[in-house]
Amino acid sequence: MEDKNIYEYTLMLADSSLIMGQRLSEWTGHGPILELDIAITNIALDEIGQARLLYQFAAELKNKQEPGSKATEDTIAFLRDAWDFKNLQISELPNGDWGQSVLKIFFLAHWQRQMYGKLIYSPIKNLSDVAEKALKEVTYHVRWSSDWVRRLGDGTEESRGRMQKALEYLWPYTQEFFEPEGYEWDGIFENAGEDFFENMKAGWNKEVSLVLTEASLTLPESHTYMRKGGKKGLHTEHLGHLLAEMQFLQRAYPGCEW
Amino acid sequence: MDTEALQKEFDEKIEKDIKIEPKDWMPAEYRKTLIRQISQHAHSEIVGMLPEANWITRAPTLNRKLILIAKVQDEAGHGLYLYCAAETLNITREEMQEQLLSGKAKYSSIFNYPTLTWADMGAIGWLVDGAAIINQIPLCRTSFAPYSRGMIRICKEESFHQRQGYQILLTLAQGSKEQKAMAQDAINRWWWPSVMMFGPRDADSPHTKQSMAWKIKRFSNDELRQKFIDMCAQQVEVLGLKIPDPDLKWNEERKHYDFGEIDWDEFWSVVKGYGPCNEERMSARIAAHENGKWVRDAAMAYAAKQDAKSKSSTDKTSTKISKNE
């Protein structure tokens, strides 16, 4: 059913944004300097803001499909278990040091820019509207994180070492970005040909590699084991803990207004 | 001009409510008092991010989460304006930071109390931000111009913070039995520390007299405290909750609420560093500073490399030009 695809695709985008925003918000109050604390908090706000709009649309779809289900942005975010979450695994990984967090933003923002850049042409108006707003935000995230990847990669010996280590840790999680699940096709993109995802992947690779090279970082060997499964609900151990914390109040006091 | 004439000019400005700008002459003690007060205020904003940040990841709805994150981020912004205002008095942000981390500089004791439930986000907004606003509104008219300008901006945001806190409590107060209990418990824990935010009694406040003469402060601690208590005593009725002070009652003669005695032993012990979270708050600030060192160093090193590159390319261009000439 087409609506089910749209629903799942919307969740995949929304969950990736929410989980990323949730993680980044852990930095608030703990950043390396005030200006960076404010900057990373802004990105967290943008991500959670995008997630809200997408969940509101998802709730609408769900309520249409299953009358009486009373879904809201909050029931979807707070009352599902890990296996129902479709976020990219990279978003749930721990923040690590500042460099690891910046590199996470860098990879995800580049993916979001590719995705939203196509989604603005979607025939589904709710999605193209969100994409239009989100594209502006993630374009800024791309710029901000690219600047910092260059700075930290090409800064001191210590910073380069930390960035290289973060790169080796995160790189395997980027493989699933452009491996489409079944729900990513039908009805969502117009005129999406065979090479649709391949082209996005090539665009992502080109942009990302350019910055990493400028940052004097070395891409890991291609035979590195690649992680995947987030988009269909297969996650790392980290997601369960993140959800336990995020969903605590809704679970401990069910059915309340907050 | 000799010091006497400068002092006279300064006194006249204060007398006529003309603001003092950073480049104006000012008495050394006035400068010192302001550095102490503004930096302490900035530190309070920064340390004050921690108790609320403690609930960001557990906020109960997406909307509440966004509002809370934005609120804590505002506090970072307030810290930034205030550090900038203090810097106009010839002290660097690094020096102020060092004073905070070494324990030499103080910050508001209220942030040494723990946030134990979600209702604390409401109580902090209503009581702590409420007390801060009462303290800060007169500071919009303070005699040192950069401080006054910063405070005008800060007060606008603070009143939004207070409303969102009150709204959290109102929602809880109208919610389930547990939610109502949570709200009352938070008020019980935050009430007295909030009343203490106005500082020692006027008789025990060493700086008040001089600060009022310089129009840095406009009202005394006790006057502001009374104003706060009068305001809360009315607002708590709407919530249908109680303020934990059996002596709180309207005094028709004074046209103010009477209230019970503050536990001054607790007040001084938290000021001296023995509050429930002094250690946690300082450790968190120190950890953020230390863990961020490599990032700051890398940014400096990168900037230096970029400078060198652009300099060498300018040099090359100028060599070319001179060859062509």
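Below, each value reflects all heavy atoms present in this structure, side chains not excepted, and no hydrogens, waters or symmetry copies.
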Select one option (side chain, backbone, both, neither) describing which atoms of [X] are under 4.5 Å from chain A's heavy atoms.
{"X": "I168(B)", "value": "neither"}
{"X": "L172(B)", "value": "side chain"}
{"X": "M182(B)", "value": "side chain"}
{"X": "A59(B)", "value": "backbone"}

I'd like to know which of [options] tops the heavy-atom pair count under 4.5 Å against chain A.
{"options": "I56(B), L50(B), I69(B)", "value": "I69(B)"}
{"options": "G175(B), A284(B), A298(B), G48(B)", "value": "A298(B)"}
{"options": "A53(B), G292(B), P60(B)", "value": "P60(B)"}

Hey, can you dump all donor-acceptor pairs under 3.5 Å between chain B and chain A, distances included?
| from | atom 1 | to | atom 2 | distance (Å) |
| --- | --- | --- | --- | --- |
| T57(B) | O | Q22(A) | NE2 | 3.0 |
| T57(B) | OG1 | E245(A) | OE2 | 2.4 |
| P60(B) | O | Q250(A) | NE2 | 2.8 |
| L62(B) | N | D74(A) | OD1 | 3.0 |
| N63(B) | OD1 | R52(A) | NH1 | 3.2 |
| R64(B) | NE | W258(A) | O | 2.6 |
| R64(B) | NH2 | W258(A) | O | 3.1 |
| K65(B) | NZ | Q22(A) | OE1 | 2.7 |
| Q73(B) | NE2 | I38(A) | O | 3.0 |
| Q73(B) | NE2 | N42(A) | OD1 | 3.1 |
| R93(B) | NH1 | E35(A) | OE2 | 3.0 |
| R93(B) | NH2 | E35(A) | OE1 | 2.7 |
| R93(B) | NH2 | E35(A) | OE2 | 3.4 |
| Q179(B) | NE2 | E257(A) | O | 2.7 |
| R285(B) | NH1 | G29(A) | O | 2.8 |
| R296(B) | NH1 | P32(A) | O | 2.9 |
| K305(B) | NZ | D154(A) | O | 2.9 |
| K305(B) | NZ | D154(A) | OD1 | 3.1 |
| K305(B) | NZ | G155(A) | O | 3.0 |

To the nearest 0.5 Å, how far apart are [atom1] in [X] and [atom2] in [Y]?
{"X": "I43(A)", "Y": "I105(A)", "atom1": "CD1", "atom2": "CD1", "result": "4.0 Å"}
{"X": "Q136(B)", "Y": "M151(B)", "atom1": "CD", "atom2": "CE", "result": "3.5 Å"}
{"X": "L170(A)", "Y": "L103(A)", "atom1": "CG", "atom2": "CG", "result": "5.0 Å"}
{"X": "L169(B)", "Y": "L239(B)", "atom1": "CG", "atom2": "CG", "result": "6.0 Å"}
{"X": "L212(A)", "Y": "M163(A)", "atom1": "CG", "atom2": "CE", "result": "8.5 Å"}
{"X": "T88(B)", "Y": "Y147(B)", "atom1": "OG1", "atom2": "OH", "result": "12.0 Å"}

### Task
Mind checking side chain to side chain contact (heavy atoms under 4.5 Å, CB included) for A76(B) and listing every partner two or more places apart, or none if nothing turns up?
L34(A), I38(A), M49(B)

Would you name the heavy atoms of [X] and [Y] that are closest together and state the gap between them?
{"X": "L167(A)", "Y": "L217(A)", "result": "CD2-CB, 4.0 Å"}
{"X": "A77(A)", "Y": "F85(A)", "result": "O-CZ, 3.5 Å"}
{"X": "P114(B)", "Y": "W190(B)", "result": "O-CZ2, 3.3 Å"}

### Part of L242(A) lying under 4.5 Å from any heavy atom of chain B
neither

